[in-house]
Amino acid sequence: MKYLVRDKIFAIGDDYWIDTEDGRHAFLADGKALRLRDTLELKDPSGRVLITLREKMFSLRDAMTIERDDQTLATVRRKRLSLLRNHYRVSLVEGTELDVTGKILDREFTVEYDGELLAHVSRKWFRMRETYAVNVVREDADAALIIAVVICVIRMDEKEPGHDD
């Protein structure tokens, strides 16, 4: 299933829909500005919060957390000592680790678990400006979690020294 996601998703105060490739609303991205950090909630079409992304202002380059029901679900970090500059590791609380590799700034990268492709991110499938697609290839995958991982990785990569917003 392909999902259309708009770039600059952390524009505070902005709400917008992440749609499926056939135009159905899948998730509402709800941006909130708080005192010390920015928060983005992914909600289902009925308004129930599925995932919360927290961006701590002073530790953004180190890690971002993904929460579900006020509990940390995953932590996203740039992989240290990697020969690939664009390599992130996602550690889920139950012990699973996901790898994100590819050209993050170009929106051409993959999310894998133990060498198996879970999702492919590409700007090529759609010609809309500032939009990329997240193709979740495993039917049993948690699409909200994968979209949250993609958003975190892009946000962290954009904040690396030498990258402009």
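Remark: Arg123 does not engage Glu108 in a salt bridge, criterion side-chain N to carboxylate O under 4.0 Å. A salt bridge between Asp157 and Lys103 is absent, with no side-chain N of the basic residue lying under 4.0 Å from a carboxylate O of the acidic one.
Applying side-chain contact (heavy atoms from CB on, under 4.5 Å) to Ile51 and the options Ile147, Leu42, Ile146 leaves one that passes, Leu42.
Side-chain contact check for Leu145 versus Leu92: some heavy-atom pair is nearer than 4.5 Å. Between Lys2 and Asp19, the closest side-chain pair of non-hydrogen atoms is not below 4.5 Å. Counting heavy atoms from C-beta outward, Glu97 and Arg89 have side chains that approach closer than 4.5 Å. Proximity of Ile18 to Leu4: side-chain heavy atoms (C-beta onward) are nowhere separated by under 4.5 Å. For the pair Lys43 and Asp30, the minimum side-chain heavy-atom distance is below 4.5 Å.
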Using the rule given for side chain to side chain contact (heavy atoms under 4.5 Å, CB included), can you reason through Ile66 versus Thr52, listing the C-alpha separation, both sets of side-chain angles and the distance that settles it, and then say yes or no? CA-CA 6 Å; Ile66 299 172; Thr52 302; over 6 Å; no
Checking side chain to side chain contact (heavy atoms under 4.5 Å, CB included) for the pair His87/Val100: CA distance, chi angles, key distance, verdict? CA-CA 6 Å; His87 191 174; Val100 181; 5.9 Å; no
Is there a side chain to side chain contact (heavy atoms under 4.5 Å, CB included) between Arg107 and Ile154 once you walk through the steps? CA-CA 8 Å; Arg107 308 302 185 256; Ile154 288 171; 3.3 Å; yes
For Thr96 and Leu98: C-alpha separation, side-chain torsions, deciding distance, then whether side chain to side chain contact (heavy atoms under 4.5 Å, CB included) applies. CA-CA 7 Å; Thr96 302; Leu98 308 179; 4.2 Å; yes
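We find the CD-CG distance between Glu116 and Asp99 to be 13.0 Å, quoted to the nearest 0.5 Å. If you take CG on Leu53 and OG1 on Thr65, they are separated by 8.0 Å, rounding to the nearest 0.5 Å.
Counted by atom type alone, His120 and Asn135 present zero donor-acceptor pairs between their side chains at under 3.5 Å.
Nearest heavy atom pair, residue Ala74 against residue Val90, reads CB-CG1, 3.9 Å. The nearest pair of heavy atoms linking Glu41 to Val49 is OE1-CG2, 3.7 Å. Closest approach of Ala119 and Val137 over heavy atoms only: N-CG2, 4.2 Å. Ala29 and Leu40 get closest at one heavy-atom pair: CB-CD1, 4.3 Å. Minimum heavy-atom separation, Arg78 to Tyr88: NH2-OH, 2.7 Å. Across every non-hydrogen atom of Cys152 and Val76, the tightest pair is CB-CG2, 4.0 Å.
A donor-acceptor pair under 3.5 Å links the side-chain atoms of Asp44 to the main chain of Ser46, judged by distance alone.
Under the 4.5 Å side-chain contact rule for hydrophobic residues, Tyr16 and Phe27 share a cluster.
Listed by chain and number, the hydrophobic cluster partners of Leu28 are Trp17, where partners are ILVMFWY side chains within reach of under 4.5 Å, directly or through others. The hydrophobic cluster of Val93 has no other members, since no ILVMFWY side-chain heavy atom comes under 4.5 Å of it.
Qualifying side-chain hydrogen bond (donor to acceptor under 3.5 Å, both in side chains) partners for Glu112, counting only residues two or more places apart in sequence or in other chains: none. In this structure, the salt bridge (charged side-chain N to carboxylate O under 4.0 Å, His left out) partners of Asp140, at least two apart in sequence or on a different chain, are Arg138. Checked against side chain to side chain contact (heavy atoms under 4.5 Å, CB included), Thr20 has the following partners two or more places apart in sequence or in another chain: Met1, Tyr3, Asp22, Arg24, Ala26. Every residue meeting the side chain to side chain contact (heavy atoms under 4.5 Å, CB included) condition with Arg77, not counting sequence neighbours, appears here in chain and number order: Ala63, Thr75.
The number of heavy-atom neighbours closer than 6.0 Å to CD of Glu94, taken from other residues, nucleotides and ligands shown, is above 12.
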